[in-house]
Each structure stands twice: as C-alpha cells, then as structure tokens.
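Reviewing the structure listed below.
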Amino acid sequence: MPELPEVETTVSGLRSVLEGELIVRAEPRRADLRWPLPPDLRQRLTGARVESLGRRAKYGLIYTDRQDVLIFHLGMSGRWRVDPAEIEKHDHFILETASGRVVALNDHRRFGSLDIIDSQQVDEYRFFAQMGPEPLSEAFDASVLQKALFGRKAPIKAMLLNQNIVAGLGNIYVCEALHMAGIDPIAVASSISKPRLNRLVIAIKEVLTAAIAAGGSTLRDFAAPDGELGYFAKDWRVYGREGEACICGSNILRRVDSGRSTFYCPKCQR
DNA sequence: ACGCACCCCTGTGCGC
DNA sequence: TGCGCACAGGGGTGCG
C-alpha cells in the first residue's frame, strides 16, 4: 500500500522509537522477502546504535553507528508494527532496543525487501543509482520534468510511475495529481506544454504534502498500545471512486493500463 | 533505448 | 455457505 507519504510517515514513527537506541536483537524470521535477506543482517545490527533515519523514494533508511544503513521497502503490504502484543505469522523481521521497544516488519505479500549496505554507498546503491529527483525537493520542477520527458512517447501516467523520472510516486498519488492538474493520464508525455507541466509539478507536491500532513496526524496512533503505522483513510478525488461523481459532477471512470487501475475524470482531464 | 506485459505472493471482497 | 475470480497502493525482468 505504501507510497512516499506512507513511507515518510512510517519513518517518522520509527524514528521516535529507534533513534539513538541500542539494538539488542535483530531477528530475521525467514530467509527471504522479495529477495534473500543479507546473511549478516543479524550480526551487523546486533549491538549497533541507531543514529538516524531517512527516506529515499519509497525506501526507508535506518543508519547505525557502524557506518551501515538498513534499507527497507514495504512493497504492497508491508508495515512496521510497534511493540506488538505478540509476534504474528507475517512478522518477518524484528528489532528490539535496549530500552525494550520492539518493531516488527510485517508483510504478508512479501513484495517488500530488506538490505544492509555501507552508508557511504547509498547514492550508488543499485536501486538508487538511476533514480530521478525526490518530488518534494527543489530539484524537481517543471524544467527538470520537461527534460526528463523529452522524446518520451509513453503516457504521462506511466512516466510518473517510472522511478527514474521522479522517485517515490505510486498509482494513487499519480492518479490524484493528474486529476488535480487536469491532465489526461494517457496524454503522450513529451507533448505536454510547459505551463501544464508546471501545474503538474505543483499538484504532485501538493498532494504529497497533504498526505504526509494527514499521515502525521496518525502518529498518535503510532503511540497506541498495538500501534500500527502508516495506514490512514483518505478522501481521494478520483482514486477508488469509479462511478462516483467528480467535483465537476461528471462520472469518474476507471481503466486498466498494464494491469494497473487508472481513475480519472474525462471532463476535467483532457 | 524504449514501452509494455508479466510475474513474484497472500489476502479480501464480490458475484454466483 | 462455498467457490472461483478479480483485484490490490510495487517494481524488476525480459521481450518485441
């Protein structure tokens, strides 16, 4: 489920539990998620102190004082459970701190991943090296997007889902941002005018910022006894609203493009 | 190089 | 109530 805002929210929540803490237990409960877990995961984390946490695109980063960074991806169904009452079937990896806090990476579909690398090599990490800019950074603007889309014949929606164009967007927020900017999801990417790209960039930043702010409010839940992270009900404008009325009054449609649902308003977006 | 279909995995919700 | 199917917010791989 998680896109950038959910990962950001997750990282914020984990930060409040892990930052500055000594790891006394790092326990893989199966040998693989999407890929095999690094065999030295337990050894590299046990006894290390968490220095800081961060995010790159949809990846969460947990830095330790051993010049390591634990990199997690939540895939489609991943979440960190905080101080769980008991360990469940799909809790695949567990961290415990010296102060007795426990976080468990739960991911029933196992599309998520866990890796640990030298923190000096983050930029060169195989999944980061080709990535586009962070959408919320100043490095992401209409000019940069226009250059990235130059000559690209694919639909704008596909381009926005491509992490090498801009990093961290998923299906929900792409649908929402395209609606907000009034752009047809199947418009040829390179044919979109600069003013419209500018609107698109603004819409992307807006929708992500709003979602992070909403996620921030769920951090209270994070502190709850069985505190679960990252899932918050959202009122989307088009996503998941096939057959409902758009704010303009027309019928919201759904189409499937290469296996992914696209929700859009044919009147607002053309 | 690019665009796209497919696949990994499990769970859920729906129609019949 | 049970069964089978469609679908799920990610993204790497391999094909044309």
Side-chain angles (χ1 to χ4, degrees), chain A residues 1-10 29-37 55-60 71-81 88-93 105-115 125-132 135 147-179 185-191 204 207-208 210-212 214-215 218 228-243 252-264:
Chain A
M1 309 211 169
E3 297 188 25
L4 184 155
E6 289 76 15
V7 177
E8 183 69 30
T9 300
T10 298
R29 306 192 76 247
R30 57 174 300 134
D32 60 346
L33 290 175
R34 179 174 186 142
W35 293 287
L37 268 53
R55 178 188 59 72
R56 173 72 171 117
K58 298 173 197 169
Y59 291 81
I71 303 179
F72 66 84
H73 194 290
L74 299 174
M76 298 274 269
S77 58
R79 61 206 173 116
W80 285 93
R81 302 201 308 129
E88 291 177 359
K89 185 178 173 188
H90 297 296
D91 290 337
H92 301 311
F93 179 71
L105 178 61
N106 183 284
D107 182 6
H108 67 85
R109 284 177 81 181
R110 302 205 306 272
F111 286 180
S113 62
L114 267 183
D115 205 352
Y125 186 49
R126 59 197 166 122
F127 298 135
F128 295 170
Q130 308 301 320
M131 260 183 192
K147 283 195 190 82
L149 297 179
F150 182 79
R152 305 297 292 257
K153 301 282 185 253
I156 183 65
K157 188 199 174 204
M159 289 292 94
L160 294 178
L161 287 173
N162 182 337
Q163 305 295 296
N164 297 339
I165 301 290
V166 53
L169 298 182
N171 206 25
I172 294 178
Y173 298 111
V174 165
C175 288
E176 291 298 303
L178 285 169
H179 179 266
I186 58 169
V188 171
S190 56
S191 73
I204 288 169
V207 72
L208 293 178
I212 290 170
T218 67
E228 301 212 343
L229 267 182
Y231 290 5
F232 39 90
K234 288 287 300 173
D235 291 319
W236 292 299
R237 294 162 58 149
V238 287
Y239 189 84
R241 294 187 171 274
E242 180 185 17
I252 295 169
L253 303 183
R254 181 175 84 102
R255 195 182 47 231
V256 177
D257 304 307
S258 49
R260 311 298 298 276
S261 286
T262 302
F263 296 90
Y264 65 106

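Below, chain A is the first sequence line, B the second, and so on; all start at residue 1. Reckoned from all heavy atoms, side chains included, excluding hydrogens, waters and symmetry mates.
- For the pair A/Asn164 CG and B/dA1 C1', the interatomic distance rounds to 12 Å; values are reported in whole Å.
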Could you walk me through whether A/Trp236 and A/Phe263 pass the ring-ring contact (aromatic ring centres under 6.0 Å, His included) check? CA-CA 10 Å; A/Trp236 292 299; A/Phe263 296 90; 9.6 Å; no
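- Phosphate proximity of C/dG9 to A/Arg260: present, with a side-chain N or O under 4.0 Å from OP1 or OP2.
- Nearest-nucleotide positions on DNA chain C place A/Phe263 closer to the 5' end than the other of A/Arg126 and A/Phe263.
- Counting to the nearest Å, the P atom of C/dG9 and the CG atom of A/Leu161 are 10 Å from each other.
- Residues passing the side chain to side chain donor-acceptor pair (under 3.5 Å) test with A/Arg110: none are found, sequence neighbours excluded.
- Across A/Cys175 and A/Thr262, no two heavy atoms sit closer than the pair SG-CA, 4.1 Å.
- Remark: A/Asn106 engages A/Arg79, A/Arg81, A/Glu88, A/His90, A/Asp91 in a side-chain contact (heavy atoms from CB on, under 4.5 Å) (not counting sequence neighbours).
- Not one N or O on the side chain of A/Glu8 forms a donor-acceptor pair closer than 3.5 Å with the backbone of A/Arg55.
- Minimum interatomic distance between A/Gly170 and A/Lys58 (heavy atoms only, all atoms of both residues): CA-NZ, 3.5 Å.
- Rounding to whole angstrom units, CH2 of residue A/Trp35 and P of B/dC8 are separated by 15 Å.
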Between the protein and nucleotides 9-11 of chain B, are there any N/O to N/O pairs under 3.5 Å, and if so, what are the atom names and distances?
unit_1	atom_1	unit_2	atom_2	d
B/dC9	O3'	A/Arg110	NH2	3.3
B/dC9	O2	A/Arg109	NE	3.0
B/dT10	OP1	A/Arg110	NH1	3.3
B/dT10	O4'	A/His108	O	3.4
B/dG11	OP1	A/His90	NE2	2.8

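- For A/Arg152, there are no salt bridge (Lys or Arg N to Asp or Glu O under 4.0 Å) partners at least two apart in sequence or on another chain.
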Report, one pair per line, the protein and nucleotides 14-16 of chain C atoms (nitrogen or oxygen only) whose separation is under 3.5 Å.
none

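- The shortest distance between the side-chain N/O atoms of A/Tyr239 and the OP1/OP2 oxygens of C/dG9 is below 4.0 Å.
- In this structure, A/Leu74 places its CG atom 17 Å from C1' of B/dC8, rounding to the nearest Å.
- Here the separation of C/dC3 from B/dC9, taken at their P atoms, is 24 Å to the nearest Å.
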Could you walk me through whether A/Leu160 and A/Val166 pass side chain to side chain contact (heavy atoms under 4.5 Å, CB included), step by step? CA-CA 6 Å; A/Leu160 294 178; A/Val166 53; 4.3 Å; yes
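- Considering only residues two or more places apart in sequence or on other chains, A/Tyr264 meets the side chain to side chain donor-acceptor pair (under 3.5 Å) condition with A/Arg255.
- Remark: C1' of C/dG11 and CD1 of A/Ile71 are 16 Å apart, rounded to the nearest angstrom.
- Taking a 4.0 Å limit (strictly below) on heavy-atom distances, residues 147-159 of chain A reaches DNA chain B at A/Arg152, A/Lys153, A/Ala154, A/Pro155, A/Met159.
- Between the CD1 atom of A/Ile165 and the P atom of B/dA1 there is a distance of 14 Å, given to the nearest Å.
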After noting the C-alpha distance and the side-chain angles of A/Ser261 and A/Arg254, does the key distance pass the side-chain hydrogen bond (donor to acceptor under 3.5 Å, both in side chains) rule? CA-CA 6 Å; A/Ser261 286; A/Arg254 181 175 84 102; 2.5 Å; yes
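- In this structure, A/Phe72 places its CZ atom 16 Å from P of C/dG10, rounding to the nearest Å.
- One finds the CD atom of A/Glu3 at 8.0 Å from the CG atom of A/Leu208 (value rounded to the nearest 0.5 Å).
- A/Gln163 places no side-chain N or O within donor-acceptor distance of the main-chain N or O of A/Gly132, the cut-off being under 3.5 Å.
- Considering only residues two or more places apart in sequence or on other chains, A/Tyr125 meets the ring-ring contact (aromatic ring centres under 6.0 Å, His included) condition with A/Phe127, A/Phe128.
- With sequence neighbours left out, A/Phe93 forms a ring-ring contact (aromatic ring centres under 6.0 Å, His included) with no residue at all.
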Convert the base pairs of DNA chain C into dot-bracket notation, remembering that pairs crossing earlier ones are written with [ ] and that bases paired across to another strand are shown as |; include only Watson-Crick or G-U pairs under 3.5 Å. .|||||||.|||||||
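- Of the side-chain N and O atoms in A/Gln163, one or more sit less than 4.0 angstrom from OP1 or OP2 of C/dG11.
- The shortest distance between side-chain heavy atoms of A/Leu178 and A/Val238 does not fall below 4.5 Å.
- Judged by distance alone, with hydrogens and angles left aside, the side-chain atoms of A/Arg241 form no donor-acceptor pair with the main-chain N or O of A/Gly243 at under 3.5 Å.
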Strictly under 3.5 Å: I want the nitrogen or oxygen pairs between protein and nucleotides 12-16 of chain B, one per line.
none

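- Contact annotation: A/Arg254 reaches the phosphate of C/dC7 (side-chain N/O to OP1 or OP2, under 4.0 Å).
- When the C1' atom of C/dG10 is taken as reference, atom CZ of A/Arg55 falls 15 Å away, rounded to whole Å.
- Applying the side-chain contact (heavy atoms from CB on, under 4.5 Å) test to A/Ser190 and every residue at least two apart in sequence or in another chain returns A/Lys153, A/Val188.
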